[in-house]
Every structure is written in C-alpha cells, then in structure tokens.
K.L.:
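What follows is a single structure, and I will ask about it in a moment.
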Amino acid sequence: MQDPPLKIDSLDSSTFPRRTDYSNDQIARYYRETRWQYRGLWTGKRSLALHYGYSDETTRDHVDALHRMNAVLAERARISATDSVLDSGCGWGGSTIWLYQNRKCDALGITLEGEQVAKCWEKAEDAKVARYVNFLRADFHDTPFRDGAFDVVWALESFCHSDDKPRVLREAHRLLKRGGRLIVADYFRAARDLNEPADSLLRVWLDQWVVPGLDTIPEYTTYLVQAGFETLDAEDITDRVRFSSLLLYKKGCRLAPFARLLNKLRPWFYTDMSHANWRSSILQHEALEAGAWRYGIILARKP
C-alpha cells in the first residue's frame with residue numbers, strides 16, 4: 001500500500017485547539033452531511049451500523065463484525081425478551097432493530113437528528129418491525145422519560161459526542177430501574193498524558209468527527225461511580241476493532257484522489273464536513289497506531 005496522504009508530522013496541534021462546545025445542531029449536521037459516505041463506504045445494504053465491528057472467530061467479513069458488536073453487547077448486558085432497552089444515540093436505528101429481531105425486547109431509540117429518526121422508521125418498516133420498536137428525537141443529556149423507565153441503557157459509540165460525560169451518565173442512572181444495566185462501547189483516550197504527535201492526531205481526528213474529547217477508561221469508571229453506578233466490567237477490546245480501523249484507513253487511502261477532486265470541484269453534496277470526514281478515515285487509524293486511543297466495553301449496574 002502507498003503511504004497515506006496525511007502524515008503525523010504534518011499536523012500542528014496548535015492549529016486545532018481542543019473543542020468542547022459542539023452544539024446539538026453541529027452534531028446533527030455532521031451525521032446529515034456525511035450520511036452518503038457512511039452508506040456508500042461503510043454499511044452498504046446489509047447493515048445500518050455507524051460503528052466499529054467486533055472481529056472474532058465467528059466473523060467472516062466486515063458486516064459480520066458490525067452485527068457481532070451488537071451480539072457481544074447484548075450478551076454482556078444479559079438482554080432478554082423481558083427487558084425494556086433505550087438505545088441512547090441510535091443513529092439509523094440499526095441496534096434498536098437488531099435488539100427486537102434477536103432478543104424480542106422492547107427497544108426505543110433516540111437521536112438528535114430529525115432525518116435520522118425518519119430513516120429509523122423507514123428501516124424499521126423495511127424490516128417489518130415498526131410495530132415493535134420506537135424512535136424519538138431527543139437529547140440523551142435530558143430525556144423526556146420518567147425515572148426508572150428502562151432495564152437497560154445502551155450506548156454504542158454515542159456518549160463520546162457528549163461534552164459533559166458525568167451529566168449523561170447521571171441521566172442514564174436516572175432512567176434505569178434498580179438493578180438496571182448500562183452498556184457502553186466506545187473509544188477512550190489511551191492515557192491522559194500523550195506525546196505530542198499522538199495528541200495532535202487524536203485532537204484533529206476527534207474534531208472532524210464532532211467529538212469534544214475522550215476520557216481514559218479509569219476516568220470513565222470514576223464518573224460511573226460518582227453517578228451512582230457499580231462498575232461490573234470494563235474491558236479493553238481494541239484488538240477486536242483493529243480490523244474495522246484498518247479497513248476504514250485503507251478505504252480512505254484508496255479514495256484520496258477522488259476526495260481531493262471532489263474538494264476542488266465542490267459538487268453540492270461535498271461539504272467541508274464531508275472532506276473532514278474523509279480525512280478522519282485515515283487519521284483514526286494513524287492515531288490508533290500512535291497509541292492515542294483504545295476501544296472499550298463497560299458494563300455498569302444501578303444498585
């Protein structure tokens with residue numbers, strides 16, 4: 001493979017101050033303007049996933065890994081047909097639909113982006129499960145649901161977009177019944193103090209995915225305790241998502257000439273955010289190889 005079009009030493013971290021003020025509208029705009037990229041380059045027609053995949057001996061390809069991530073989280077959270085699950089930050093509704101199809105539980109997805117809600121309903125209709133699932137536009141920091149409404153809160157690469165993770169965890173705690181479970185799968189900062197090249201890569205990548213910053217897994221578990229949770233398990237599964245990270249990187253490198261041409265011609269669908277999203281396909285893997293971030297699954301319980 002040829003060298004990637006972006007190099008670690010080409011990034012000046014002073015040019016990219018850490019963002020901590022992304023609005024809900026900016027997050028929604030990111031997913032709206034990059035939807036065609038996710039659809040065309042990541043999910044295809046066989047999946048609705050907007051997340052990394054979990055690769056193991058049972059997975060044969062990329063789509064298998066995307067679906068396997070759902071299965072692993074459902075197994076760890078012990079989700080059954082008697083559970084009510086909030087898919088907190090549901091994207092296109094892929095996990096919500098999967099949960100009903102495979103666990104027959106009550107599943108409700110929330111997202112900030114109105115077009116995503118419409119897409120969720122469209123996909124639920126296609127899957128013939130629209131009678132059994134639900135979708136709403138809502139902010140996971142401040143949801144409209146009553147205390148103790150759910151058995152499980154599911155957060156698959158969604159809480160990373162929060163600029164106040166202690167707050168979103170307190171809200172998850174409020175929403176859970178006693179004994180309820182919170183299952184989080186996300187990327188985490190590898191360490192609080194990173195060397196300059198790794199920190200620069202991490203900062204630029206996160207800015208382009210509209211993520212204000214990451215915490216380490218130990219920091220995150222501290223927030224959970226402060227919110228009232230018991231942490232049952234916190235596992236680093238970075239090796240399970242390396243295949244996804246490398247696949248995204250390879251696609252980004254192959255598409256570099258096309259992306260640069262689109263950026264020059266600027267057709268209506270190719271925005272600054274679209275171009276940044278292409279850059280991030282390369283940066284995320286360079287940041288991983290530089291040791292800047294890890295991927296973890298955390299399971300917590302409300303006593």
Side-chain angles (χ1 to χ4, degrees), residues 4-34 37-38 41-42 50-52 88-89 91 112-113 140-141 155-169 184-220 223 236-238 241-242 244-249 251-252 259 271-298:
L6 300 176
K7 296 291 189 181
I8 291 177
D9 60 9
S10 71
L11 300 173
D12 176 5
S13 65
S14 65
T15 307
F16 300 95
R18 182 181 179 186
R19 291 292 302 272
T20 59
D21 60 346
Y22 290 118
S23 68
N24 287 352
D25 286 344
Q26 287 172 301
I27 297 169
R29 178 184 160 221
Y30 165 77
Y31 282 104
R32 187 166 57 249
E33 294 188 13
T34 62
Q37 291 173 309
Y38 279 101
L41 304 177
W42 193 243
L50 303 180
H51 53 77
Y52 288 87
S88 193
L112 289 172
E113 216 280 287
F140 51 44
H141 294 92
L156 177 47
E157 294 180 27
S158 57
F159 284 179
C160 57
H161 288 293
S162 171
D163 62 356
D164 190 346
K165 293 178 179 65
R167 180 185 170 197
V168 79
L169 295 176
V184 176
D186 222 323
Y187 17 92
F188 296 88
R189 193 178 180 91
R192 179 48 51 195
D193 296 321
L194 297 170
N195 61 49
E196 177 54 29
D199 190 66
S200 295
L201 277 168
L202 185 67
R203 190 174 304 173
V204 181
W205 164 48
L206 294 179
D207 281 347
Q208 294 177 358
W209 273 8
V210 202
V211 173
L214 301 180
D215 300 293
T216 65
I217 291 178
E219 288 169 344
Y220 209 89
Y223 298 153
D236 185 323
I237 64 158
T238 305
V241 303
R242 283 188 186 278
S244 285
S245 177
L246 181 59
L247 178 65
L248 188 56
Y249 169 84
K251 287 186 175 185
T271 64
D272 287 344
M273 201 161 273
S274 302
H275 195 66
N277 197 45
W278 162 72
R279 281 168 48 96
S280 69
S281 68
I282 295 166
L283 288 168
Q284 56 81 33
H285 188 68
E286 290 187 339
L288 180 62
E289 291 301 302
W293 64 279
R294 309 292 292 174
Y295 198 101
I297 296 177
I298 299 178

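Values in this document were obtained by computation on a predicted structure and should not be read as measured data.
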K.L.:
With side-chain contact (heavy atoms from CB on, under 4.5 Å) as the criterion, how do Asn277 and Tyr38 come out once you've worked through the C-alpha distance, each side chain's angles and the decisive distance to 0.1 Å?
P.N.:
CA-CA 10 Å; Asn277 197 45; Tyr38 279 101; 4.2 Å; yes
K.L.:
Looking at Ala292 and Ala198, what are the two nearest heavy atoms and their distance?
P.N.:
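That closest heavy-atom pairing would be CB-O, 3.6 Å.
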K.L.:
How about Lys165 and Asp215: do any of their side-chain heavy atoms sit closer than 4.5 Å?
P.N.:
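Yes, side chains in contact.
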K.L.:
Can you confirm whether Glu219 sits close enough to Phe188 that some side-chain heavy atom of one is under 4.5 Å from a side-chain heavy atom of the other?
P.N.:
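No; the side chains remain at least 4.5 Å from each other.
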K.L.:
Check the side chains of Ser274 and Gln37 for a donor-acceptor pair under 3.5 angstrom, ignoring hydrogens and angles.
P.N.:
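On atom types as modelled, these side chains do not qualify, holding no pair under 3.5 Å.
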K.L.:
Do Leu202 and Leu214 have side-chain heavy atoms sitting under 4.5 Å apart?
P.N.:
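Side-chain contact under 4.5 Å: yes.
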K.L.:
With the side chain counted from C-beta on, respond yes when Leu288 and Thr238 share a heavy-atom pair under 4.5 Å apart, and no when they do not.
P.N.:
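Counting from C-beta outward, Leu288 and Thr238 do come under 4.5 Å.
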K.L.:
For Ala276, check side-chain contact (heavy atoms from CB on, under 4.5 Å) against everything at least two apart and list the hits.
P.N.:
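Once residues adjacent in sequence are excluded, the partners of Ala276 under the side-chain contact (heavy atoms from CB on, under 4.5 Å) criterion are Gln208.
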K.L.:
Sub-3.5 Å donor-acceptor pair from the side chain of Trp278 to the main-chain atoms of Gly252, do we have one?
P.N.:
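Checking the backbone N and O of Gly252 against the side chain of Trp278, a donor-acceptor pair under 3.5 Å is found.
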K.L.:
Only counting residues at least two apart or in another chain, list the ones meeting salt bridge (charged side-chain N to carboxylate O under 4.0 Å, His left out) with Arg167.
P.N.:
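Counting only residues at least two positions away or on another chain, Arg167 forms no salt bridge (charged side-chain N to carboxylate O under 4.0 Å, His left out).
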K.L.:
Do the non-hydrogen side-chain atoms of Val204 and Arg279 ever get within less than 4.5 Å of each other?
P.N.:
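The answer is yes; the side chains approach within 4.5 Å.
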K.L.:
Please enumerate all residues that pass side-chain contact (heavy atoms from CB on, under 4.5 Å) together with Ser88, with sequence neighbours excluded.
P.N.:
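side-chain contact (heavy atoms from CB on, under 4.5 Å) list for Ser88, sorted by chain: Leu86, Ile110, Phe140, Val153, Phe159.
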K.L.:
State plainly whether the residues Arg203 and Asp199 are in salt-bridge range, i.e. N to O under 4.0 Å.
P.N.:
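Yes, this pair counts.
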K.L.:
So, Ser280 versus Trp209: side-chain donor-acceptor pair below 3.5 Å or not?
P.N.:
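Short answer, yes.
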K.L.:
May I ask you to test the Tyr30-Ile27 pair for a side-chain heavy-atom distance under 4.5 Å?
P.N.:
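No, too far: nothing below the 4.5 Å cut-off.
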K.L.:
Just by distance, do the side chain of Ser245 and the backbone of Val241 share a donor-acceptor pair under 3.5 Å?
P.N.:
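Flag not set: sc Ser245 to bb Val241 has no pair under 3.5 Å.
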K.L.:
Quick check: do Leu201 and Gln284 have side-chain heavy atoms less than 4.5 Å from each other?
P.N.:
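No - every pair of side-chain heavy atoms lies 4.5 Å or more apart.
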K.L.:
What heavy-atom pair brings Met273 and Gln26 nearest, and what distance separates the two atoms?
P.N.:
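Heavy atoms only, the tightest pair is CE-O, 4.5 Å.
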K.L.:
Residues in salt bridge (charged side-chain N to carboxylate O under 4.0 Å, His left out) with Asp272, at least two apart?
P.N.:
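For Asp272, the residues satisfying salt bridge (charged side-chain N to carboxylate O under 4.0 Å, His left out) (neighbours in sequence not counted) are Arg266.
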K.L.:
Return the set of residues passing side-chain contact (heavy atoms from CB on, under 4.5 Å) with Glu157 (not counting sequence neighbours), or none when no residue passes.
P.N.:
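Listed in chain order: His51, Tyr52, Asp186, Tyr187, Tyr295.
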K.L.:
Dump the intermediate steps for side-chain contact (heavy atoms from CB on, under 4.5 Å) on Leu112 and Tyr31, then the final yes or no.
P.N.:
CA-CA 10 Å; Leu112 289 172; Tyr31 282 104; over 6 Å; no
K.L.:
Of all residues at least two apart in sequence or in a different chain, which pass the side-chain hydrogen bond (donor to acceptor under 3.5 Å, both in side chains) check with Glu113?
P.N.:
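Result, side-chain hydrogen bond (donor to acceptor under 3.5 Å, both in side chains) vs Glu113: Arg32.
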K.L.:
With Asp236, which residues qualify under salt bridge (charged side-chain N to carboxylate O under 4.0 Å, His left out), at least two apart?
P.N.:
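For Asp236, the residues satisfying salt bridge (charged side-chain N to carboxylate O under 4.0 Å, His left out) (neighbours in sequence not counted) are Arg294.
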K.L.:
Decide, yes or no, whether a salt bridge links Glu289 with Arg242 under the criterion of side-chain N to carboxylate O below 4.0 Å.
P.N.:
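Judged by the 4.0 Å cut-off on N to carboxylate O distance, Glu289 and Arg242 do form a salt bridge.
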K.L.:
Please enumerate all residues that pass side-chain hydrogen bond (donor to acceptor under 3.5 Å, both in side chains) together with Ser162, with sequence neighbours excluded.
P.N.:
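Only His141 meet the side-chain hydrogen bond (donor to acceptor under 3.5 Å, both in side chains) criterion with Ser162.
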K.L.:
Test of understanding: with side-chain contact (heavy atoms from CB on, under 4.5 Å), list the residues that count as partners of Pro218, not counting sequence neighbours.
P.N.:
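Residues passing side-chain contact (heavy atoms from CB on, under 4.5 Å) with Pro218: Thr216.
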K.L.:
Donor-acceptor pair, distance only, cut-off 3.5 Å: does the side chain of His161 make one with the backbone of Val210?
P.N.:
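Present.
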